[in-house]
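Structure, as structure tokens:
Numbering starts at 1 and runs along the sequence shown. Being a predicted model, the structure only gives us computed values, none of them experimental.
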Amino acid sequence: MSAAFAIPAPSLANERLQDAAAVEALVLRAFGPGRFAKAAERLREGRAPDLALSFVAWDAGCVVGCVQLWRVKVGETPAILLGPIAVEAAARSHGLGAALVERACEAAAEAGHALIVLVGDMPFFAPHGFAPAPGVRMPGPVDQRRVLAKPLTPGADQGLAGLVQAA
């Protein structure tokens, strides 16, 4: 993170059940009600994120960023869905989103997961090891160029194809 944040920089901690309302409010501010029309939202409806892999950024007792990870399958291949990732407007462009993505990917790898998928922008996610996943289909309309994957173990994305489903 850049020095643009007041010292100390936001601290990252695992999301807890009691953080749910603050996280939901932040995601709603970041994405608006249009988020409910997104294909990735179909995979999250009625489910809880994996709290051991999801993180919240705290600054002065307030949630200023979050990333959630969800257990899914791509065809029959176990995977993790990354998203949403949200950062308060005043905290953007200082590396907090990147720090959240990196921490979530590290946690997934440490927990033994082999693969992360998401729908996102290549310019943001490519530096974190994500690449296009042309064989991965989301449950609903999505710009296929935005479907990305990151192998956490060598070759985990080789031949990856199929519909992403809740696991």
Side-chain angles (χ1 to χ4, degrees), residues 1-2 9-17 19 23 26-27 30-31 35 38-58 64-87 91-167:
M1 282 185 263
S2 78
S11 62
L12 305 184
N14 279 98
E15 183 178 338
R16 306 165 301 169
L17 287 174
D19 300 332
V23 167
L26 172 59
V27 171
F31 292 99
R35 83 172 238 235
K38 295 180 183 248
E41 194 65 26
R42 303 292 72 78
L43 297 165
R44 297 188 282 258
E45 288 174 332
R47 302 176 60 216
D50 186 328
L51 297 181
L53 306 178
S54 300
F55 291 87
V56 175
W58 293 93
V64 295
C66 64
V67 61
Q68 294 181 317
L69 276 66
W70 309 76
R71 293 175 186 265
V72 297
K73 295 187 301 182
V74 177
E76 294 302 317
T77 303
I80 296 293
L81 175 71
L82 187 150
I85 176 171
V87 175
R92 292 181 191 153
S93 301
H94 301 292
L96 181 55
L100 285 162
V101 168
E102 286 296 321
R103 183 63 195 104
C105 290
E106 289 168 5
E110 290 166 1
H113 296 284
L115 182 70
I116 297 179
V117 296
L118 60 81
V119 178
D121 297 325
M122 269 299 290
F124 179 81
F125 288 103
H128 305 290
F130 288 88
V136 176
R137 296 183 329 276
M138 295 297 290
V142 67
D143 179 349
Q144 188 62 42
R145 296 170 298 184
R146 299 184 73 234
V147 179
L148 311 175
K150 175 180 180 168
L152 300 175
T153 59
D157 59 342
Q158 295 300 309
L160 184 64
L163 180 66
V164 181
Q165 315 165 63

Exercise: identify the closest heavy-atom pair between Ala57 and Pro10
CB-CB, 4.2 Å
Search all heavy atoms of Ala104 against all heavy atoms of Leu69 and return the closest pair with its distance.
CB-CD1, 3.4 Å
Verify side-chain contact (heavy atoms from CB on, under 4.5 Å) between Ile80 and Arg71, making sure each step is shown before the conclusion.
CA-CA 5 Å; Ile80 296 293; Arg71 293 175 186 265; 4.0 Å; yes
Out of curiosity, Asp50 CG to Leu81 CG, how far, rounded to the nearest 0.5 Å?
12.0 Å
Ala131 to Met122 - nearest heavy-atom pair and separation
CA-SD, 4.2 Å
Looking at side-chain heavy atoms only, is the closest gap between Leu100 and Val87 below 4.5 Å?
yes
I'd like to know if the side chain of Gln144 reaches the main chain of Val136, judged simply by a donor and an acceptor atom lying under 3.5 Å from each other, with no hydrogens or angles considered.
yes
Residue pair Glu15 / Cys66, side-chain heavy-atom distance below 4.5 Å
no
Asn14: what forms a side chain to side chain donor-acceptor pair (under 3.5 Å) with it, not counting sequence neighbours?
none
Measure the spacing between CH2 of Trp70 and CG of Leu118 and express it to the nearest 0.5 Å.
14.5 Å
Where Ala149 and Leu160 come nearest, the two heavy atoms and their spacing
CB-CD2, 4.2 Å
Could you state the interatomic distance from CG (Leu152) to CG (Leu115), rounded to the nearest 0.5 Å?
7.0 Å
Heavy-atom donor-acceptor pair, Gln165 side chain to Gly75 backbone, under 3.5 Å:
yes
Under a 4.5 Å cut-off applied to non-hydrogen side-chain atoms, are Met138 and Arg42 in contact?
no
Does any part of the side chain of Leu53, heavy atoms only, come nearer than 4.5 Å to the side chain of Leu82, both counted from C-beta?
no
With side-chain contact (heavy atoms from CB on, under 4.5 Å) as the test, pick out the partner of Phe130 among Ile116, Val147, Val117.
Ile116
Closest contact, heavy atoms only, Gly120 versus Phe125
CA-CE1, 3.9 Å
In Å and rounded to the nearest 0.5 Å, what is the NZ to SG distance from Lys150 to Cys105?
4.0 Å
With sequence neighbours excluded, tell me which residues meet side chain to side chain donor-acceptor pair (under 3.5 Å) with Arg146.
Asp121
If I compare all heavy atoms of Ala107 with all of Ala52, which pair ends up nearest, and what's the gap?
CB-O, 4.2 Å
Applying side chain to side chain donor-acceptor pair (under 3.5 Å), can you list everything that pairs with His113, at least two apart in sequence or on another chain?
none
Spell out, as yes or no, whether a donor-acceptor pair under 3.5 Å connects the side chain of Arg103 to the backbone of Val67.
no
Pro84 vs Arg44 side-chain heavy atoms within contact, under 4.5 Å
yes
For Arg145, I'd like to know if atom CZ has over 12 heavy atoms of other residues, nucleotides or ligands within 6.0 Å.
no
What class does the angle between the rings of Phe124 and His128 fall in, given that below 30° is parallel, 30 to 60° is tilted and above 60° is perpendicular?
tilted
